[in-house]
Asks: 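Got a structure for you, questions after.
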Amino acid sequence: MTLPQPLNFIEELKWRGMLQDIMPGTEEMLSKGPVKGYIGFDPTADSLGVGNLVQVMTLLHFQRCGHQPVALVGGATGMVGDPSGKSAERNLLNEEQLQINLNAQRKQLEKFLDFSAGPSQAMIVNNYDWFKNFSFLDFIRDVGKHITINYMMAKDSVQRRMETGISFTEFSYQLVQGYDFYYLWKHLDMKLQMGGSDQWGNITTGTELIRRMEGGEAFALTTPLIKKADGTKFGKTEGGNIWLDPVRTSPYKFFQFWMNSSDDDSKNYIRIFTTMTKADVETLVAAHDQSPHLRLLQKAIAKEVTIRVHSEEDYNAAMEASEILFGNAPTEALSKLDEDTLLSVFEGVPQVNISKSELEAGIPLLDLLADKSGIFPSRGEARKLVQSGGVSINKQKVSDPNAQQTATDLLQNKYLLIQKGKKNYYLLIAN
RNA sequence: GGGGAGAUAGCCAAGUGGCCAACGGCAACAGACUGUAAAUCUGUCCUCUUCGGAGUUCGAAGGUUCGAAUCCUUCUCUCCCCA
């Protein structure tokens, strides 16, 4: 991946709103030619979530600007536990789980960066590799000696835990992460560490260590914590976290997550999560403001991100499903679908099997919604939502909680599309 | 060790013998309006319900009473002040 004119990475981050803190001299260092920079990923789950996507994009932009991005998976740091942003001591992961998480994350990271040979070839490293044979005594002699407790205690992540308590393990985390930077600097000529703003403290311990151990110079920058316009956390919905793993979050849901972002948020997201140029973004934002109901921004983000994280096919399927579900004449569109299309459209929608013969005999609506399908935990809840107009079958509102559901409405003589609220769909399959 | 304050639904927070399934706010969910947006308005928000009700709650366990979140006893935990 060679670009005709390498972009200025810092400028790029600035207009995208992705620059929080930067160490003096960083921009100058970057301007001298391609350098290596890395970001660490904490293996707390077996999949990255959209929150991690910010850091992935930082690496991607870094690479687009002609530099060499390195993703570090925390096989060692994951065993310790980062106290940053945590109000209480964490539970340690067992090694088996850690290994699973590590491999899963590594695989995901490989999708985003360009690993083909060249001056900006991406790399993935695992800090377990240089920690596994580093004994405790050697570590406290060779590394710990260079950093004072006073320095470590001054960090925000530690300060905030002074009242409630912090274990020695978590306290030493910054030193472990700091040594990563030193090691990479020493052996891979790593010049820059990046990360979320909560990592600033850990990162600077690294640059400090490099200076004290060898008088070397290393640089750092962080990205701001992304928040939604209403101040709530980014990347979570009613259903929980939005994951990159299609098993955890279906491509349809993933696509919908971006489609649902508010206007204000999407103006930020388009900058962070797409590689569109500044001019294109500005044009699109202007077009969006002209006719916001077209949701141009949401569509553009959802498209690019879904394709990057999943695939073009997944995007097309999600898009098609969304058009049918949210389009102008959804009921008609539904009944026109042939079975294959219908199934592929609703691939990401929970499916429930029910008995066709019972349905032919007629099932009381509430039985169907609660006992038979488990869509509602109780009949009372089903009744309440039906009464308040929150339930649709095949995109047609049902209003009578005492109604019977028969087989006459079956799509393709086999399926019923149940809708709970506006955005939760279930496909009932009559066998 | 001494003294004081407190523990109420996801969170904050009223309530000190019956009118309490418990004011109010936030969060959440649904509806209306829209554009699958925001804001606003409305409804739901312990569990179950044949929507008439039924059952289980107010740190825990006992007790007083016709009746307790409210009074008494013991226990557990949290916070503050003094040593």
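Computed over heavy atoms, backbone and side chain alike; hydrogens, waters and symmetry mates excluded.
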Asks: With rounding to the closest Å, how many angstrom separate the C1' atoms on B:A22 and B:U70?
Replies: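 Between the two C1' atoms, the distance is 12 Å.
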Asks: Does one side chain, of A:Asn394 or A:Asp409, offer a donor that lies under 3.5 Å from an acceptor on the other?
Replies: no
Asks: Using purine N1 to pyrimidine N3 plus N6-O4 or O6-N4 for Watson-Crick, or N1-O2 and O6-N3 for G-U wobble, both under 3.5 Å, which nucleotide pairs with B:U34?
Replies: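 In the structure as shown, B:U34 has no Watson-Crick or wobble partner.
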Asks: For atom C1', what is the distance between B:A68 and B:C58, given to the nearest Å?
Replies: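 About 11 Å, rounded to a whole number of Å.
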Asks: When you match A:Lys420 and A:Glu381 each to their closest nucleotide on RNA chain B, which lands nearer the 5' end?
Replies: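 First, find each residue's nearest nucleotide; the 5'-ward one identifies A:Lys420.
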Asks: Have a look at B:G52 and give me syn or anti from its glycosidic angle (syn if within 90° of zero).
Replies: syn
Asks: If I take atom CD in residue A:Gln419 and atom P in nucleotide B:C29, what distance separates them, rounded to the nearest angstrom?
Replies: 16 Å
Asks: Generate the contact string for nucleotides 33-38 of chain B. Rules: B means base contact, S means sugar-phosphate contact only, - means no protein heavy atom under 4.0 Å.
Replies: -BBBBS
Asks: For nucleotides B:C71 and B:G15, find the distance between their P atoms and express it as a whole number of Å.
Replies: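 Looking at atom P only, B:C71 and B:G15 are 13 Å apart.
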Asks: Which whole-number value in Å describes the distance from A:Lys228 NZ to B:A39 C1'?
Replies: 16 Å
Asks: With a 3.5 angstrom cut-off on both distances, give the Watson-Crick or G-U wobble partner of B:C79, or none if there isn't one.
Replies: B:G4
Asks: For the residue pair A:Ser47 and A:Gln108, confirm or rule out a side-chain donor-acceptor distance under 3.5 Å.
Replies: yes
Asks: Starting at atom OH of A:Tyr425, determine the distance to atom P of B:A30, rounded to an integer number of angstrom.
Replies: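 Taking atom P of B:A30 as the reference, OH of A:Tyr425 is at 12 Å.
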Asks: Looking for any heavy atom pair under 4.0 Å, which part of the strands does A:Gly389 touch: base, sugar-phosphate only, or nothing?
Replies: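 Sugar-phosphate only.
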Asks: Return the nucleotide paired to B:G17: Watson-Crick means purine N1 to pyrimidine N3 with N6-O4 or O6-N4, wobble means G-U with N1-O2 and O6-N3, both under 3.5 Å.
Replies: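 Its partner: none found.
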Asks: OP1 or OP2 of B:G43 sitting under 4.0 Å from any side-chain N/O of A:Ser388?
Replies: no
Asks: Establish, with yes or no, whether the OP1 or OP2 oxygen of B:U50 is under 4.0 angstrom from a side-chain nitrogen or oxygen of A:Arg379.
Replies: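 True: A:Arg379 side-chain N/O within range (under 4.0 Å) of B:U50 OP1/OP2.
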Asks: Measure from CG on A:Asp367 to C1' on B:U50 and round the result to the nearest Å.
Replies: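 Taking atom C1' of B:U50 as the reference, CG of A:Asp367 is at 11 Å.
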Asks: Counting only Watson-Crick pairs (N1-N3 plus N6-O4 or O6-N4) and G-U wobbles (N1-O2, O6-N3), all under 3.5 Å, who is the partner of B:U44?
Replies: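 Because both required distances fall under 3.5 Å, B:U44 counts as paired with B:A28.
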Asks: Looking only at atom C1', what distance separates B:G1 and B:U65, rounded to whole Å?
Replies: 39 Å
Asks: If you assign A:Lys397 and A:Asp371 each to the RNA chain B nucleotide with the nearest heavy atom, which residue ends up on the more 5' nucleotide?
Replies: A:Lys397
Asks: Within this structure, what is the CG-to-P distance between A:Leu366 and B:C48, rounded to whole angstrom?
Replies: 13 Å
Asks: Side chains of A:Ile203 and A:Met23: does their closest heavy-atom pair fall under 4.5 Å?
Replies: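 Side-chain contact under 4.5 Å: no.
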Asks: Give none if B:C51 has no partner; otherwise give the nucleotide forming a Watson-Crick or G-U wobble pair with it, both distances under 3.5 Å.
Replies: none
Asks: Hey, does A:Thr275 have a side-chain heavy atom less than 4.5 Å from the side chain of A:Arg308?
Replies: yes
Asks: Specify the separation, in whole Å, of atom CG of A:Asn402 and atom P of B:C51.
Replies: 7 Å
Asks: When rounded to the nearest Å, what value does the distance between P atoms of B:C75 and B:U56 take?
Replies: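 Rounded to whole Å, the distance is 30 Å.
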Asks: Expressed as a whole number of Å, how far does the P atom of B:G31 sit from that of B:G63?
Replies: 49 Å
Asks: Ignoring hydrogens and geometry beyond distance, is a side-chain donor-acceptor pair present between A:Lys228 and A:Tyr269 at under 3.5 Å?
Replies: no
Asks: Across the strands shown, which category fits A:Lys267 at heavy-atom distances under 4.0 angstrom: base, sugar-phosphate, nothing?
Replies: nothing
Asks: Are the aromatic rings of A:Phe41 and A:Phe112 close, with centres under 6.0 Å apart?
Replies: no
Asks: From the options B:U49, B:C51, B:A30, select the nucleotide whose nearest atom is closest to the side chain of A:Lys384.
Replies: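 In terms of side-chain proximity for A:Lys384, the closest of B:U49, B:C51, B:A30 is B:U49.
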Asks: For B:U49 and B:U34, measure between their C1' atoms and round to the nearest Å.
Replies: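 To the nearest whole Å, 36 Å.
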Asks: To the nearest 0.5 Å, what is the distance between NE2 (A:His61) and CG (A:Leu13)?
Replies: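 Going from NE2 on A:His61 over to CG on A:Leu13, the span is 7.5 Å.
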Asks: Tell me if the aromatic rings of A:Phe346 and A:Tyr252 count as close, with their centers under 6.0 Å from one another.
Replies: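 No - the distance between ring centres of A:Phe346 and A:Tyr252 does not fall below the 6.0 Å cut-off.
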Asks: Does the pair A:Asp289 and A:Lys267 meet the rule for a salt bridge (charged side-chain N to carboxylate O under 4.0 Å, His left out), with working shown?
Replies: CA-CA 10 Å; A:Asp289 284 339; A:Lys267 284 173 193 170; 3.0 Å; yes
Asks: Using purine N1 to pyrimidine N3 plus N6-O4 or O6-N4 for Watson-Crick, or N1-O2 and O6-N3 for G-U wobble, each under 3.5 Å, what pairs with B:A68?
Replies: none
